[in-house]
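Okay, so here's the structure we're looking at.
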Amino acid sequence: VESKGLLFIRKFSLPDELSYVHSDKEKLYSIFANLINNAIKFTPKGYVELFCTLTDTRFELYVKDTGIGIPQDKHRIIFERFIQADVSHQRPYEGSGLGLSITKAYVEMLDGNIWLESQEGKGSTFFVSLPMKQALSTDEEELRIRQIISDAGFSV
C-alpha cells in the first residue's frame with residue numbers, strides 16, 4: 001500500500017464481548033489476504049478500505065477499492081478458476097486467476113456467501129458474510145477475530 005501511495009482505511013465494529021468465535025483461522029486468513037492483496041494489486045491510485053463487523057450470528061466484511069474495476073460481463077464468472085477480468089493479450093496484471101475461486105471455495109466451506117459490486121474504471125467492493133458461533137472468552141483454543149486481522153498484518 002505504501003509503495004503505491006495508496007491510502008489504507010480500516011473500519012472495525014467488533015464488540016469485545018463477541019470477538020471470540022469458532023472458525024477456521026487459515027481459511028479466514030486466506031479470505032482476508034486474497035481480497036486485500038487483489039484490491040492493492042488492481043488499484044493504481046486512491047484507496048483500499050477494509051470493513052469488518054461481528055454480530056451474535058454473522059461475521060461481515062467488505063474490501064473496497066478505487067481500482068480498475070471489473071466489467072459487468074465478468075461479474076458472473078470472476079469467481080471461476082483461471083478467470084481474470086482483464087483477458088487481453090497485453091495484461092498489465094499478473095496472476096493465475098485462482099485467488100478469487102479459492103476465496104469463494106473457502107467462504108462456501110465456512111457456509112458463507114461472497115459477492116461483489118464493481119464498475120469498470122471506478123473500483124470494486126467484495127462482500128463476505130459468514131455465520132459465526134460465539135465461543136467462551138476463556139477457552140484458549142478459540143480464535144479472536146482481532147488476532148486474525150493482526151496476523152494478516154493489519155493493526156486493530
Lys104 meets the salt bridge (Lys or Arg N to Asp or Glu O under 4.0 Å) criterion, sequence neighbours left out, with Glu108
Treating His75 as the side-chain partner and Leu116 as the backbone partner, does any N or O pair qualify as donor plus acceptor under 3.5 Å? no
Do Leu35 and Met109 sit in the same hydrophobic cluster, where Ile, Leu, Val, Met, Phe, Trp and Tyr count as joined when their side-chain heavy atoms come under 4.5 Å apart? yes
Output the distance between atom SG (Cys52) and atom CZ (Arg10), rounded to the nearest 0.5 Å. 11.0 Å
For Tyr62, the side-chain hydrogen bond (donor to acceptor under 3.5 Å, both in side chains) test, sequence neighbours excluded, returns Glu49
Going through the distances and angles, do Tyr106 and Asp24 end up as a side-chain contact (heavy atoms from CB on, under 4.5 Å)? CA-CA 10 Å; Tyr106 285 169; Asp24 184 311; over 6 Å; no
For Gly67 versus Asp65, what's the shortest heavy-atom pair and its separation? N-OD1, 2.8 Å
With rounding to the nearest 0.5 Å, note down the distance linking CD1 in Ile102 to CZ in Phe79. 13.5 Å
Rounded distance (nearest 0.5 Å) linking atom CD1 of Ile31 with atom CG of Leu61: 7.5 Å
Taking the side chain as everything from C-beta on, heavy atoms only, tell me whether Phe42 gets closer than 4.5 Å to Ile70. no
Would you check if the side chain of Thr43 reaches a backbone N or O of Ala39 as a donor-acceptor pair within less than 3.5 Å? yes
Minimum-distance pair of heavy atoms, taken over all atoms of Glu80 and Arg76: OE2-O, 4.3 Å
Which Ile, Leu, Val, Met, Phe, Trp or Tyr residues join Leu7 in one cluster when any pair of side-chain heavy atoms under 4.5 Å counts as a link? Ile9, Tyr47
Name every donor-acceptor pair, under 3.5 Å, that has one atom in a side chain of residues 120-132 and the other anywhere in the protein, sequence neighbours excluded.
unit_1 : atom_1 : unit_2 : atom_2 : d
Ser124 : OG     : Ser118 : OG     : 2.6
Ser129 : OG     : Arg58  : NE     : 2.8
Ser129 : OG     : Arg58  : NH2    : 2.9
Ser129 : OG     : Glu60  : OE1    : 3.2
Ser129 : OG     : Glu60  : OE2    : 2.9

Do the non-hydrogen side-chain atoms of Val63 and Phe51 ever get within less than 4.5 Å of each other? no
Taking it one step at a time, do Lys4 and Ile40 satisfy side-chain contact (heavy atoms from CB on, under 4.5 Å)? CA-CA 8 Å; Lys4 292 181 83 172; Ile40 294 167; 4.1 Å; yes
Which residues pass the side-chain hydrogen bond (donor to acceptor under 3.5 Å, both in side chains) test with Lys64, not counting sequence neighbours? none
Would you say that Asn34 contacts Leu100 through its side chain, given a criterion of any heavy-atom pair below 4.5 Å between the two side chains? no
Within-4.5 Å side-chain heavy-atom neighbours: Leu28 and Leu110: yes
